Each structure stands twice: as C-alpha cells, then as structure tokens.
Amino acid sequence: MAGVSKVVDVDELLPQLCNEFDQHFGKRPEVAGCAPGRVNLIGEHTDYNDGFVFPMALSMVTVLVGCRTDSGVCKVVTTAEGVDEPKVVEFALPTGDRPLQPGKPAWSNYVKGVVQNYKGKVSSFNALIGTTVPLGGGVSSSASLEVATYTFLEQLDKSGKTVSLKEKALACQKAENDFPKMPCGIMDQFISVMGKKDHALLIDCRSMESKLVGLTDPNIVVLVTNSNVKHKLTGSEYPLRRKQCYKAAKVLGKNSLRDATMDELQSHQNKLDDETFRRARHVISEIARTTDAADALARSDFSTFGKLMVQSHNSLCIDFEVSSIELDELVELAMSCEGVYGSRMTGGGFGGCTVTLLKKDAVESTVQHVQANYSGKATFYVCAASDGARSLQL
Ligand code: GLA
C-alpha cells in the first residue's frame, strides 16, 4: 500500500540473524527467542495506578538467536540500528555475591537486567539480537527486548523449572525498573508475553487478569504513525507523573487512583494543587474510558471506540500533559480524514507514535493526507494483532 512501511516478517529476519551469528561466533545458533512490541489502543498511564489498559501485540518483534557456552561469560551482539556503542558486550554470569550491575552501553541493560532477574538457571551464552520494532517509538522496543531475552534464556535452561506467564512479565518489568531504571508499569511486558493473534487484551493491572477481545473485522485497520520524534522515558517526566498520581491517591485516602471516583476527586479539589488534580482527573476518566472502549470493540461499535480514543488523547494532552506538538498534529490530521473513527497518542508520550482506528478503504487517502500536511516526516504501519513471545524453530 502506497506510503505504508512494510514490517519485515520474522521468517525473513530469522535467517539473516542466523547468518550474522555465524559470522560473529563461527557456528550456527541453536535456539531463538522472539517477543513483540505493542500498540496500546487505549488506557494510558493507568497501569501504575492499578487501572485497565487495552493493548495488542504487533508483528514487529525482537529476536535473540544463540547458544549455550561453558565459558561462564555471556557475549551479546546487537544488530539494532540507533543504539549506543559498543554493539558487543561481555559480562560474567552473576553469582549471589556478584550480581550484575547496570552500566554502558545503555542497550545492554535490558539484557543484563533480565539475566539478573531470570527465575530459573542461567548458563553462559553467546547471543545476537535483531529487531524490527522502532526504537524509542512508543511501541515497546524495550519490553520486546526484555521478553525476547527471557524467552531465549528459557530455551537454554535445562533445569526444567518453568514460571507462569505472569511471573515472566513481572521479572521483565523488574529488569526494566532495576537496570535502565525506568519505573514502568506492567502493561508492556504483559502484552509482549501474552498477546494473541487477532485480539486486543483488556488487562486489569490490579488483579493481573486479562480478557481477549477479537479484532478481526476485515474492514477495520489499526494504523500506527511514528512521529519520528524519539521519546525518552527514563527522564524525569514519567517518574514525576507517577509521584503526582500517588500523591493524589493519598490525599483521597485510597491505595491507588483505581479506587477513586470522579465525585471523590471533585470533593477533594481544594486539597490538591491544580496540576495534581488534573493528573488524577486523567487517570480516573481514562480507566473508565478503557473498559467502555473494550465493551464497544466487543460489539463492533467502532464509532464509540473512536470517540473514546479522541477523548483519551485530549485528556493526555490537557490534563496529563504528556503529548507533544507533533503527536497533536498527527491526531488532528488523521481526524480530519473521511473513514477515520479515532486517533490518539500511544505509549508513554513526549514523542513516539499515534494509533488510529479507521476503515480499510480509507488508509491510503489518510496516509497521503497526513504525510502531505505533517510538519515532520512520519512513518506509517498497518498493524495486525499478533501473538506474544515464543521460541522459534531453527
Ligand atoms: C510506558 C510504560 C508503561 C505505561 C505507558 C503509559 O510505555 O512502560 O508501563 O505506563 O508508558 O501508559
């Protein structure tokens, strides 16, 4: 389709990675772990407030190929573009009194964090990383690397010990919290582990229960538009938003904003500064929008779904203040096109991508219109809901 980028298929990526592994290590890899990026349809900045999120896994994936070694040293090569140098790292297997430490290059922290938090037996290994997930694009390149690393380690682990998918997601979240030191919620790792082809997943981030909602209408498309303005969430804004939400919950006498109603928030308005009040108003309204949107999608009510997406975007922009000029522009341009139900920023914000729900026959004209009028250079992906993490047959 004109203007839409093709996502390299994992079947095409895998042989390339195997060859590159061979060039680096002088032998063929024996195992491969694969995990997808995600796009969140609605439910933003709600996961760390015990709320609901509604993401789907993408066909864009990160893959680790490699094999066990008995050297006691882990050697990892990345082929990802745009990551910091060096592209090869070596580290000794962690022991009880010598745990791994975060450091440079930044990309290696995702791998080391997972090795440190892996729940079974880690052996030393050689590995090569490849990815089709745009980095810093708000579609969870980080979680896909963590979950792919965990899945890779599972293939190497001969101890027979397995953990539940929930524990796997939690271990990967802890890796991200402890190593790159990004205090993320559970959404990205959860969907990367549990995504299902043709479905979005309504996740209750308090109980960690989830419900699949079918996304199979052939006339409906999920379009991801990358503003190509990179976001960086390890800065101070994301942790600040978390703190403001926790502060609001405390003032309201709640464990989390999940337990608060809009009436309760309003009756405490005089005890909250304006900014904290607006942060809480976003979260409380977004949690309600997310379950409403999942219901709407389940009954194929795309126009209600679309309206909720736009409300979500406006709330993220005005009350939560995590959008950007470029994201606002992309949403406005998409919404001015015939056949578009809804559009919003997706992920943590401050750059990255928008997600748009539209009719299939409107994709080409929408892409053209947005591309022609956007102040930057956007990249467009038509996304199918895909499966979560898996081992790949070599
Ligand atoms: C990032 C985090 C997630 C979530 C989103 C915002 O992607 O990793 O845990 O908080 O931002 O919804």
Side-chain angles (χ1 to χ4, degrees), residues 35-58 60 62 109-110 113-114 133-147 169-195 200-206 208 210 224 226-227 230-246 256-258 279 282-287 289-290 293 308-309 312-313 315-317 319-324 327 344-355:
R38 63 98 186 95
V39 61
N40 190 20
L41 299 177
I42 193 163
E44 221 64 84
H45 289 274
T46 47
D47 59 353
Y48 54 81
N49 290 296
D50 278 352
F52 287 90
V53 292
F54 196 40
M56 65 181 218
L58 298 173
M60 298 162 177
T62 299
N109 286 326
Y110 300 95
V114 172
V133 188
L135 302 187
V139 285
S140 283
S141 52
S142 318
S144 74
L145 175 53
E146 291 145 16
V147 176
L170 285 167
C172 292
Q173 181 199 18
K174 187 161 188 314
E176 180 147 350
N177 294 165
D178 292 354
F179 275 66
K181 301 211 181 293
M182 155 64 178
C184 63
I186 190 61
M187 165 167 71
D188 304 346
Q189 292 77 13
F190 197 103
I191 185 68
S192 185
V193 169
M194 298 200 207
L201 199 60
L202 179 68
I203 307 167
D204 179 340
C205 299
R206 179 165 61 188
M208 300 273 287
S210 59
V224 168
N226 192 345
S227 67
K230 283 205 174 162
H231 76 169
K232 196 164 175 289
L233 295 179
T234 39
S236 58
E237 292 293 341
Y238 187 95
L240 177 64
R241 294 298 181 284
R242 279 190 79 129
K243 279 196 198 119
Q244 291 172 323
C245 293
Y246 296 155
S256 69
L257 287 177
R258 166 73 178 275
R279 303 298 187 248
H282 164 71
V283 173
I284 296 170
S285 62
E286 183 79 352
I287 292 173
R289 274 190 293 273
T290 306
L308 291 164
M309 288 175 90
S312 164
H313 181 80
S315 175
L316 286 158
C317 173
D319 276 355
F320 218 65
E321 294 180 281
V322 292
S323 186
S324 67
L327 294 170
R344 56 181 288 277
M345 56 152 277
T346 184
F350 308 106
C353 293
T354 62
V355 57

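In what follows, residues are counted from 1 in the order of the sequence shown. Since the structure is predicted, the reported quantities are computational estimates derived from the model, not experimental observations. Numbering of ligands and ligand atoms starts at 1, following listing order.
- Near Cys184, meaning under 4.0 Å from any of its heavy atoms, are these atoms of ligand 1: 2 (C), 8 (O), 9 (O).
- In this comparison of Ile186, Ile42, Asp47, the heavy atom closest to atom 3 (C) of ligand 1 sits on Asp47.
- Arg279 has its side chain out of reach of His45: every pair of non-hydrogen atoms, C-beta onward, lies at least 4.5 Å apart.
- Counting only heavy atoms from C-beta outward, the side chains of Met194 and Leu201 approach each other to under 4.5 Å.
- Looking at Ser227, its side chain does come within 3.5 Å of a backbone N or O of Gly352 through a donor-acceptor pair.
- Ligand 1 has no N or O atom lying under 3.5 Å from any N or O atom of Asn40, backbone or side chain.
- The existence of a salt bridge linking Arg258 and Asp47 is excluded, since no basic side-chain nitrogen approaches an acidic carboxylate oxygen closer than 4.0 Å.
- Close contacts of ligand 1 with Arg38, meaning ligand atoms under 4.0 Å from a residue heavy atom, involve 7 (O).
- Using a 30° and 60° split on the angle between ring planes, Phe320 and His282 fall in the tilted class, from 30° to 60°.
- Within the 4.5 Å cutoff, the side chain of Cys184 has heavy atoms near those of the Gln189 side chain.
- A salt bridge does not link Glu176 to Lys181: none of the charged side-chain nitrogens sits closer than 4.0 Å to a carboxylate oxygen.
- Neither the backbone nor the side chain of Gln173 comes within contact range of ligand 1; no heavy atom lies under 4.0 Å.
- Taking distance alone, with nitrogen or oxygen atoms compared against 3.5 Å, Tyr48 stays at or beyond that limit from ligand 1.
- Of all the listed residues (Met187, Met345, Gln189), Met187 holds the heavy atom that lies closest to atom 5 (C) of ligand 1.
- The shell of residues lying under 4.0 angstrom from ligand 1, judged by heavy atoms, excludes Arg241.
- Counting atoms of ligand 1 from 1 in the listed order, those under 4.0 Å from a heavy atom of Glu44 are 6 (C), 12 (O).
- Atoms of ligand 1 lying under 4.0 Å from any heavy atom of Gly185, numbered from 1 in the order shown and given with element: 9 (O).
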